[in-house]
Novice: 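Before I ask anything, here is the structure I am working with.
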Amino acid sequence: MSEAQKTARGQDAGPSTVTGVDRFFRITERGSTFGREIRGGFATFFTMAYILVLNPLILGSAKDKSGEQLDPVQLTTATALVAAVMTIVMGVGGNLPLALAAGLGLNAVVAFQLAPLMSWDDAMGLIVLEGLLICVLVVTGLREAVMHAIPQQLKQAISVGIGLFIALIGFVDAGFVTRIPDAANTTVPVQLGSTGTLAGWPMLVFCVGVLLTIGLLARKVRGAILVSIVTMTVVALVVNAFADVETWGLTTPEWPDTIVDAPDFGLLGQFSLFGAFGQVGVVTVLLLVFTLILSDFFDTMGTVVGVSAEAGLLDEDGKVPGLGKVLLIDGAAAVAGGAASASSATSYIESAAGVGEGARTGFANLVTGSLFGLALFLTPLLTIVPLQAAAPALVAVGFLMMTQVKHIDWDRYEIAVPAFLIIAVMPFTYSITNGIGAGFLAYVLIKTVLGRAKEVHWLLWGASALFLVYFAIDPIEQLLGVG
């Protein structure tokens, strides 16, 4: 074969390959580009990379019934591995820019509610069991049917509520908003900064980051969110090198002594599927699994709808494309998280940062997942981004998601009141699940009061009944003698 033929074949192969990838992920069809997908993948990773620090911190600080603690290095490896694998699986199988990792809130349940009652193996076994049951709900079509039963405007309210929630996460993570200690005897539960004022270099980095992000978005600069994160990380590195900073919180922006660190897979497979039944009894296990399923079920529902809506991927009926596959992969992620002792993995609302950067397909997940894969070996390098540099992206994404509030009919009480509760309760209780539950219960109640109960889908009745149990779990446990 001549050099000219080789060159021609090489030129033909390039476009063919690109077109094939484009066609598989429907990148052009969804109005995106490879550049946007790549930027979105990076943005999502950097806004959720904190889980590589936070998950080991939460799980590693707790003790099980026998006083055993999990190794932080092994937890970091498990967290990165599950996030890498399941994010890529979601990208290829679900074709949504929806990254997955160990769920905040769920890991706290494992650390502080499950572990004190049993061994770590038993606790992780319950997570695997919860994930398997969620997969059953998906296969039977029940999980998808519940999502389709929700009125479109309540879905939009969920997106708005998540927007406020994710903005609050950004403010809290950066220390811009803090909780006032109960000892202060004040009626104000939160305040500006740690003392009612903004102080310190880290806070300056955050505030400048917010202004930079807003300015870049207003100018419609490509890669605005990612540019802001990278720029403010560099600024933070310089500040930390020359200024006297007492603390940056979880992540200190300083160049690590070593860039490469070997992963430790010692926790993989360390779970007992039915060991908890012998430790705490059948009734307690059922209540614990019920709580886990409900939290995972509706957190995922809110996240999938919110991110898909922000990406403009919902169809004319407000449905998520390929929802069955997406929910099945999310359930499998819970199984994987428990099997790796990383706690239940779930879809991350921080994926909205990637959507804000232009991601519209699962190709962005290949980038995010690959970065989590690199984190297995490059954790010291990839975790130098302080929360103060990443949090402005969450505030900006909160604004972008908030814009959907214009689609809600505020003149109809059966829509307006549930929508308001969804939007308000999510940030105020720091829980997507609580907001959805409050909205569902209000929707069913108002429809009934108005004499239009028949308009409520039977699945919403069932979901609302479960939320009644969810909110009343403490008295129910006391009645059953397991509280």
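All residue numbers in this chain count up from 1 along the given sequence.
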Novice: Step by step, work out the side-chain contact (heavy atoms from CB on, under 4.5 Å) result for D64 and M118.
Specialist: CA-CA 6 Å; D64 67 7; M118 59 194 75; over 6 Å; no
Novice: Looking at I349 and I166, what are the two nearest heavy atoms and their distance?
Specialist: O-CD1, 3.6 Å
Novice: Please answer whether the main-chain N or O of G60 pairs with a side-chain N or O of Q69 as donor and acceptor at a distance below 3.5 Å.
Specialist: yes
Novice: Does the side chain of E350 come within less than 4.5 Å of T44's, by heavy atoms?
Specialist: no
Novice: Any non-hydrogen side-chain atom of P116 less than 4.5 Å from a side-chain atom of K63?
Specialist: no
Novice: Please find the pair of heavy atoms, one from E130 and one from A334, that lie closest to each other, and give the distance.
Specialist: OE1-CB, 4.1 Å
Novice: Give the minimum heavy-atom separation between I58 and N107, together with the two atoms involved.
Specialist: CD1-ND2, 3.7 Å
Novice: Rounded to the nearest 0.5 Å, what separation is found between the CZ atom of F271 and the CG atom of L273?
Specialist: 6.5 Å
Novice: So do the side chains of F171 and F206 get within less than 4.5 Å of each other, counting heavy atoms only?
Specialist: yes
Novice: Closer than 3.5 angstrom, by distance alone: can the side chain of R360 be matched with the main-chain N or O of R30 as a donor-acceptor pair?
Specialist: no
Novice: Check whether any side-chain heavy atom of I51 lies under 4.5 Å from a side-chain heavy atom of Y348, and answer yes or no.
Specialist: yes
Novice: Scan side-chain atoms only and decide if T79 and N55 contain a donor-acceptor pair under the 3.5 Å cut-off.
Specialist: yes
Novice: Which heavy atom of A80 sits nearest to which heavy atom of L376, and what is that distance?
Specialist: CB-CD2, 3.8 Å
Novice: Backbone N or O of L400 within a donor-acceptor pair of the T403 side chain at under 3.5 Å?
Specialist: yes
Novice: Let me confirm one number: the CD-CG distance from Q74 to D264, rounded to the nearest 0.5 Å.
Specialist: 4.0 Å
Novice: Can you name the side chain to side chain donor-acceptor pair (under 3.5 Å) partners of K447, sequence neighbours left out?
Specialist: E455
Novice: When rounded to the nearest 0.5 angstrom, what distance separates CD1 in I436 from CG in L154?
Specialist: 10.0 Å
Novice: Crowded around F420 CZ? As in, over 12 foreign heavy atoms under 6.0 Å?
Specialist: no
Novice: Looking at CZ of F25 and CG of N365, how far apart are the two atoms once the value is rounded to the nearest 0.5 Å?
Specialist: 8.5 Å
Novice: Does any part of the side chain of T178, heavy atoms only, come nearer than 4.5 Å to the side chain of V190, both counted from C-beta?
Specialist: no
Novice: Yes or no on side-chain contact (heavy atoms from CB on, under 4.5 Å) for S343 and L59, after CA distance, side-chain angles and deciding distance?
Specialist: CA-CA 8 Å; S343 180; L59 293 177; 4.1 Å; yes
Novice: Compare all side-chain heavy atoms of L313 with those of V320 and state whether any distance is below 4.5 angstrom.
Specialist: no
Novice: Any donor-acceptor pair under 3.5 Å linking the side chain of E414 with the backbone of Y443?
Specialist: no
Novice: Step by step, would you call D330 with S347 a side chain to side chain donor-acceptor pair (under 3.5 Å)?
Specialist: CA-CA 7 Å; D330 187 86; S347 303; 2.7 Å; yes
Novice: Distance-only, no hydrogens or angles: does the W120 side chain make a donor-acceptor pair with backbone N or O of A115 under 3.5 Å?
Specialist: no
Novice: State, without any angle test, whether D121 and S119 hold a side-chain donor-acceptor pair at a distance under 3.5 Å.
Specialist: no
Novice: Please determine whether the number of non-hydrogen atoms from other residues, nucleotides or ligands lying under 6.0 Å from atom OH of Y413 exceeds 12.
Specialist: no
Novice: Tell me, with the steps shown, if I214 and V395 meet side-chain contact (heavy atoms from CB on, under 4.5 Å).
Specialist: CA-CA 9 Å; I214 292 173; V395 176; 6.0 Å; no
Novice: Taking A84's backbone N and O only, do any of them form a donor-acceptor pair with T87's side chain (distance below 3.5 Å, no angle check)?
Specialist: no
Novice: Tell me whether F277 at atom CZ has more than 12 heavy atoms from other residues, nucleotides or ligands lying less than 6.0 Å away.
Specialist: yes
Novice: Distance check, rounded to the nearest 0.5 Å: L327 atom CG versus L142 atom CG?
Specialist: 11.0 Å
Novice: Side chains of P97 and T361, heavy atoms from C-beta outward: is any pair under 4.5 Å?
Specialist: no
Novice: Among residues at least two apart in sequence or on other chains, which ones pass side chain to side chain donor-acceptor pair (under 3.5 Å) with T429?
Specialist: N434
Novice: Please give me the minimum heavy-atom distance between Q388 and P202, naming the atom from each residue.
Specialist: CG-O, 3.3 Å
Novice: I would like to know whether I329 and M86 meet side-chain contact (heavy atoms from CB on, under 4.5 Å); could you show each step before the answer?
Specialist: CA-CA 8 Å; I329 293 170; M86 296 314 303; 4.0 Å; yes
Novice: Which heavy atom of A149 sits nearest a heavy atom of L460, and at what distance?
Specialist: O-CD1, 3.6 Å
Novice: Roughly how far apart are T368 OG1 and E37 CD, rounded to 0.5 Å?
Specialist: 10.0 Å
Novice: Are V177 and L192 side-chain neighbours, meaning at least one heavy-atom pair lies under 4.5 Å?
Specialist: no
